[in-house]
Amino acid sequence: MSLPALLKRWEALLFLVLIVVVAANIAESRYFLSVGNFVNMFQLSIEKCIVALTMTLVIIGGDIDLSVASVMGMAACVMAYLFHLGAPLPLAILAALGAGILAGLNNAFWIAYVGLPSLAVTLAGLIGYRGIARILIEDRAVGGFPLWFNTLGQQALVGPLTLAILIFVVLFIVFAFVLHGSAFGRLVYVVGSNVQAARYSGVRVGLVKTAVFVGSSAVAALAGILYAARLGSVRGDTADGFELDIITTVLLGGVSIFGGKGNLVGVGLSLLVILSLRNGMGLADITGNTQNYVIGGLLILSVLIPNMSQDLRNKWKGREK
Amino acid sequence: MNWLKRHVRPEQIREFSLLALIIVAILFFGSLIDNYYSFRTFNRIASSVAIITVVAVGQTLVVLTRNIDLSVGSIVGFSAYFIGTLIANHNGVNPFLAIFLSVALGAALGAVNGVLVAWGRVPAVVVTLGTLAIYRGVLVDLSGAKTVTTDSLPQWLVDLPTINIAPFGGLDIRILFALALVIVVIFQFITGYFSFARLFYAVGSNPDAAQLIGLPVKRVIFLAFVISGALAGLAGFMTLARFGNITVEVGRGLELNVVAACVVGGVNVFGGSGRVTGAMLGAVMIGTLEQSLFRLGISEFWRDALLGLLILLAVASDAVILQRLRAIWARTELKFVADPAPATGARPGAPR
């Protein structure tokens, strides 16, 4: 690939933004470059980062999964509920992961085999799985987990890295391989760019979608358990509203909402941009509310600017003729 | 059967079945709750449904064009809070001016969405996900964490939601619900009978084809977002009138209920099919369930799970049953085409 083509790529633009943000942060605060700050920056929203990886697959596959945050909450609540019924915690964790997989199978059944739009099915899931979480825990806050569980969620495991960060790194590598280095990954792209063509070329679309949605919910359940471990307590509204942040991250990473386009490098860069932007603004005493709408604006501009520059270029070419 | 096929469309059968489902739900709850069949129940359901219905009408138009407006909750909050602050500071504001301002404010915010989607070619999910955060964020920043309280509002606004427009025979129809009904009727009439409103359907069922035959696709999408914003602005005023106490959090999460109402009401999320009355029935179904479960006193925690199940069932029946019905309808029409010269007794009114 030639240099200009490389520069025009989405990832190049994101990288540039990242450099600007990081440079501004370094100028702003001398604490930014410390290892502690970096680990902290990741640790504070590591669960969203983990779910963003599977969301990337879902959106590249031409679908959307609005139910991830509710699955996170449901898994955490299933675990807390069973633990307080007297089940040993490892068993409760397994049951919570199982609940996540069941939720994924439910989503996949309606989307892949009945053929319903994923937006509608996962909207029902968003409300329904949250409902199950509420039925189990009601309006209590359930804590009192064993010490090892909270330690695992909060303390560094290897060097300065916590378990959740390690899981994120491993999953990033695994998903990068699955999406960009395996036949299954190509199938996800094919299904996302043209589902009819995929079906006519003999791709088992139903199986691909099932795998993607079950994976999405299973990873969301894992993230929910990690979130519970980090906070040390579980409530019915655990992880409420996370889906918007997660989808924003993925779309900012250059993944097309219409499917078939995007990659994990872009999503990784987008994660870094959002995290360091939030971190830098936090260090500069800018409130979380302002951070929210700066990132909202960034999301819109990220699609608007390439579109407008293309329009201008077309106009300019037209004048040349 | 032929008469049925000629005069009733599959979409209407679906709406009737939703209506039947609502009646079954009401009978079910009526057998469990004492004094359920009363105007008090009706009023509770009606006033909880009114606001969602108004926003859902606008959302229906947007969804018909194969887009989605997730920013409506923030627009409702924006309008309710700022119009509330205005009225609280200047108690003498003319009521109609206040309503006009809330609609205009909403329309302006909707226009921003519309421009970005139609001319900026940014997908609607991306735009409205962004403006969902931006509108709410600007609202929180500008508010300085103050709230609007009922005692700072003029008396006419406090009394507004209790005005009964049908004060005869014990009937009790509150003005906010009546307003919602009027809006549904107007938009149902317009989208059903005016050719320019059929553009919403044309653009949504096949955007490429609409572009190729020269329909003003961009202006139609823009208009849909402006109407959605304007109705959300009006809903903001209704929220202000109904609750009186307005914080910066008002309307948060409303977009999910609104989209749910549309989906339950049979508005296809891929655009091109669905009706305003359907969205209203969806809102009524959700409102009935919500209020009745509350009255039943089992546990409000069951509400969400049941609602999720209901949406899933509605969408599934939409896809499976409606497809079957359409196939039956289409087959009979094809028969007329395949049989151009019926041997005896030519049917005069048969579609060809």
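Protein chains get the first letters and strands the later ones, always in sequence-line order, with residue 1 at the start of each.
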Peer 1: Any donor-acceptor pair under 3.5 Å linking the side chain of A:N292 with the backbone of B:G137?
Peer 2: no
Peer 1: Minimum heavy-atom separation for A:L299 and B:G130, please, with both atom names.
Peer 2: CD2-N, 4.1 Å
Peer 1: So for B:L312, is it side chain, backbone, both, or neither that comes closer than 4.5 Å to the heavy atoms of chain A?
Peer 2: both
Peer 1: Let me confirm one number: the CG-CZ distance from B:L256 to A:R130, rounded to the nearest 0.5 Å.
Peer 2: 11.0 Å
Peer 1: Could you tell me which portion of B:V259 (side chain, backbone, both or neither) has an atom closer than 4.5 angstrom to a non-hydrogen atom of chain A?
Peer 2: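 Interface part for B:V259: both.
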Peer 1: Mind checking the CG-CG spacing from B:L307 to A:L123? Nearest 0.5 Å is all I need.
Peer 2: 9.0 Å
Peer 1: Which one wins on heavy-atom pair count under 4.5 Å against chain A: B:I134, B:V138, B:I311?
Peer 2: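 Looking at each option in turn, the highest pair count goes to B:I134.
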Peer 1: Below 4.5 Å from any heavy atom of chain B, which atoms of A:L116 appear? Answer side chain, backbone, both or neither.
Peer 2: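 Side chain only.
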Peer 1: Could you look at B:V140 and say if it's the side chain, the backbone, both or neither that has a heavy atom under 4.5 Å from chain A?
Peer 2: both
Peer 1: Measure distances from B:L132 to the heavy atoms of chain A and classify the residue's part below 4.5 Å as side chain, backbone, both or neither.
Peer 2: side chain
Peer 1: So with a 6.0 Å cut-off around CZ of B:R66, is the heavy-atom count from everything else above 12?
Peer 2: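 Count over threshold, so yes.
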Peer 1: Any chance you could measure A:M308, atom CE, to B:W119, atom CH2, to the nearest 0.5 Å?
Peer 2: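 One finds 14.5 Å between CE of A:M308 and CH2 of B:W119.
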Peer 1: Can you check whether B:I68 reaches A:L119 side chain to side chain, under 4.5 Å on heavy atoms?
Peer 2: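 A side-chain contact under 4.5 Å exists here.
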Peer 1: Could you look at B:R252 and say if it's the side chain, the backbone, both or neither that has a heavy atom under 4.5 Å from chain A?
Peer 2: neither
Peer 1: Side chains of B:V126 and A:T248, heavy atoms from C-beta outward: is any pair under 4.5 Å?
Peer 2: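 No, every pair of side-chain atoms sits at 4.5 Å or beyond.
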Peer 1: Under 4.5 Å between any side-chain heavy atoms of B:V127 and A:V303, yes or no?
Peer 2: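 No, side chains not in contact.
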Peer 1: Flag the pair A:Y293 / B:D141 as yes when at least one side-chain heavy-atom distance between them is below 4.5 Å, and no otherwise.
Peer 2: yes
Peer 1: What part of A:I137 gets closer than 4.5 Å to chain B, counting heavy atoms only: side chain, backbone, both or neither?
Peer 2: neither
Peer 1: For A:Y129, is it the side chain, the backbone, both, or neither that has a heavy atom closer than 4.5 Å to a heavy atom of chain B?
Peer 2: neither
Peer 1: Given a strict heavy-atom distance threshold of 4.5 Å, which part of A:L304 is in contact with chain B: side chain, backbone, both, or neither?
Peer 2: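 Both the backbone and the side chain of A:L304 come within 4.5 Å of chain B.
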Peer 1: Sort B:V125 into side chain, backbone, both or neither according to what part of it lies under 4.5 angstrom from a heavy atom of chain A.
Peer 2: side chain
Peer 1: For B:R219, does the CZ atom sit with more than 12 other heavy atoms under 6.0 Å from it, leaving out its own atoms?
Peer 2: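 No.
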Peer 1: Looking at A:G296 and B:A133, what are the two nearest heavy atoms and their distance?
Peer 2: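 Nearest heavy atoms, A:G296 then B:A133: CA-CB, 4.4 Å.
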Peer 1: Does atom CZ (B:F222) have a neighbourhood of more than 12 heavy atoms from anything else shown, all under 6.0 Å?
Peer 2: yes
